[in-house]
Protein chains: 2
Amino acid sequence: MKSSPEAAYLEARLSEFMDRCREAGMNLTPQRLAIYRSLIEAKDHPSPEALFDRVRPGMPTLSLATIYKTLDTLAGMGLVTELPARGDAKRYDANMEPHHHLVCTQCNKVADYHDAQLDGIAPPKNLGGFRARQVNVHIHGLCAECARTEKTH
Amino acid sequence: MKSSPEAAYLEARLSEFMDRCREAGMNLTPQRLAIYRSLIEAKDHPSPEALFDRVRPGMPTLSLATIYKTLDTLAGMGLVTELPARGDAKRYDANMEPHHHLVCTQCNKVADYHDAQLDGIAPPKNLGGFRARQVNVHIHGLCAECARTEKTH
DNA sequence: GTAACTGCAAAAACTTTGCTGAGTT
DNA sequence: AACTCAGCAAAGTTTTTGCAGTTAC
């Protein structure tokens, strides 16, 4: 029987999810579980439509509207984050561990970036009533591909 | 005659804008100037539609499509940034000085936040080909208003 | 049994596009 | 004069909504 660290993490997240649902008096539907699980497992930052395509194979009656409703609910619970997306659709991220983003100002791709030093940044104390919960560093610039293209000038 | 720091800043930005347009071989149209100016003067982070409403009074023939085209052009030139918006439309910011954002995970408002200590964060060296241009800290949490509401639980 | 939720289809909101006449250099 | 651009209207995407039947508790 395998129990990799990732599997343990997944289980913990799902378990927390179920608890939070109960707390909030929400039903635990297979759709919600599947969507949330897919989001946790995703290494990229899927758009609603991308999630739809991933979850639907195992749940053929799923509808895109349910994805939107679920994502909205999860975001309200603080279980997923909406990312600074651009161009096309919104992007979602269920990775709530401290992590940061490299965003390309040219093609608008967003890549995760882990850095212990950045993780250590503490939110400033005096934010005028704003209650900080997480600090997130966005590094704007050119991704490797776009940097190469830009060179031509 | 008044010449506040803000007025000087505005002029400098407009002047830079005109230079960049010339460099890029772009026409300097009244529409672009007005849109860019409105964006510099804005204290909030207007959506395309909000900009439209602000600029149109002084330019009744302006169309929303022009706003979109202009914003797209400006973003491509690196003169404005698109913000992590949510729910409705995209939001734009022409404040390219280093500054940071407080984003409310509940109502999705985004407020500017200035902090010299955060400004001092240097982009990490090794980003695997990614060419960093600016570091931007997003502090997620609850804004004063939402924090008050949340209390009820 | 009751409250909450999904799926569907239709509507709304937001954004992009092609074209033509007008403006900028 | 040449090139770029604004305005218009139409098309394309993305997101939201209402409702009826279904499911979770």
Side-chain angles (χ1 to χ4, degrees), chain A residues 14 17-38 45-53 55-77 79-80 82-92 107-108, chain B residues 14 17-38 45-53 55-77 79-80 82-92 107-108:
Chain A
L14 287 176
F17 175 57
M18 299 193 291
D19 288 348
R20 303 271 318 254
C21 283
R22 270 186 279 272
E23 270 176 42
M26 285 170 38
N27 286 354
L28 207 61
T29 66
Q31 288 86 344
R32 274 185 191 153
L33 259 173
I35 293 168
Y36 186 58
R37 180 191 197 111
S38 173
H45 304 109
S47 65
E49 195 126 4
L51 273 174
F52 183 50
D53 292 341
V55 178
R56 189 162 46 165
M59 190 175 279
T61 66
L62 182 70
S63 89
L64 189 52
T66 298
I67 302 268
Y68 277 102
K69 286 172 186 165
T70 301
L71 252 19
D72 202 54
T73 306
L74 296 182
M77 297 169 67
L79 285 170
V80 305
E82 291 166 353
L83 292 180
R86 204 266 139 185
D88 27 44
K90 292 175 191 165
R91 297 309 185 82
Y92 288 83
C107 68
N108 299 294
Chain B
L14 288 177
F17 175 57
M18 298 193 291
D19 289 348
R20 303 271 317 254
C21 283
R22 271 188 278 271
E23 270 176 44
M26 286 171 38
N27 287 354
L28 206 61
T29 65
Q31 288 85 346
R32 275 186 192 154
L33 259 173
I35 292 168
Y36 186 57
R37 180 190 197 112
S38 174
H45 304 107
S47 66
E49 196 125 5
L51 272 174
F52 183 49
D53 291 342
V55 178
R56 188 160 48 165
M59 191 175 276
T61 66
L62 184 70
S63 88
L64 189 53
T66 298
I67 303 268
Y68 278 103
K69 287 172 187 167
T70 302
L71 253 19
D72 202 54
T73 306
L74 296 182
M77 297 168 67
L79 285 170
V80 306
E82 291 165 353
L83 292 180
R86 203 267 134 185
D88 28 44
K90 293 174 190 166
R91 296 310 183 82
Y92 289 84
C107 68
N108 298 292

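Computed over heavy atoms, backbone and side chain alike; hydrogens, waters and symmetry mates excluded. All chains are named by letter (A, B, ...) in the order of the sequence lines, taking the proteins before the strands, and each is independently numbered beginning at 1.
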Please determine, for the side chain of [X], which listed nucleotide ([options]) has the closest atom?
X: A/M26; options: C/dC5, D/dA6, C/dC14; result: C/dC5
X: A/Y68; options: D/dT17, D/dT14, D/dG7; result: D/dT14
X: A/L28; options: D/dG7, D/dC25, C/dT24; result: D/dC25
X: B/N27; options: C/dT24, D/dT14, C/dT6; result: C/dT24
X: A/T66; options: C/dT6, C/dC5, D/dC5; result: C/dT6
X: A/K69; options: C/dC5, C/dT6, D/dT14; result: C/dT6
X: A/A65; options: D/dT14, D/dT17, C/dT15; result: D/dT17

Integer-rounded Å distance: [N] [atom2] and [X] [atom1]:
X: B/L74; N: D/dA6; atom1: CG; atom2: P; value: 10 Å
X: A/I67; N: C/dC5; atom1: CD1; atom2: C1'; value: 14 Å
X: B/R22; N: D/dT4; atom1: CZ; atom2: P; value: 17 Å
X: B/M77; N: D/dT4; atom1: CE; atom2: C1'; value: 14 Å
X: A/M18; N: D/dC25; atom1: CE; atom2: P; value: 10 Å
X: A/L51; N: D/dT15; atom1: CG; atom2: P; value: 12 Å
X: A/F52; N: D/dT16; atom1: CZ; atom2: P; value: 16 Å
X: A/F17; N: D/dA24; atom1: CZ; atom2: C1'; value: 13 Å

inquiry  = With rounding to the nearest 0.5 angstrom, report the OG1 to CE distance, A/T66 to A/M59.
reply    =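 Nearest 0.5 Å value for the OG1-CE distance: 9.5 Å.
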
key: From A/Y68 atom OH to A/F52 atom CZ, the distance as rounded to the nearest 0.5 Å   =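 It comes to 10.5 Å.
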
Contact under 4.0 Å: [X] side-chain N or O vs [N] OP1/OP2:
X: B/S63; N: D/dA6; result: no
X: A/Q31; N: D/dT23; result: no
X: B/T29; N: D/dA6; result: yes

ask   = Mapping B/M59 and B/G25 onto DNA chain D by nearest heavy atom, which one lands closer to the 5' end?
value =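 Closest to the 5' end, via its nearest nucleotide, is B/G25.
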
task = Before accepting this row, confirm whether a basic side-chain N of the pair B/R22/B/D19 lies closer than 4.0 Å to the acidic partner's carboxylate O.
result =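 Yes, B/R22 and B/D19 are salt-bridged.
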
ask   = Name the one of A/D72, A/L74, A/T73, A/I67 that satisfies side-chain contact (heavy atoms from CB on, under 4.5 Å) with A/T70?
value =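 Only one option passes, and that is A/L74.
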
task = Locate the shortest heavy-atom distance separating B/V80 from B/L71; write the atom from each residue and the value.
result =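 Minimum heavy-atom separation between B/V80 and B/L71: CG2-O, 4.1 Å.
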
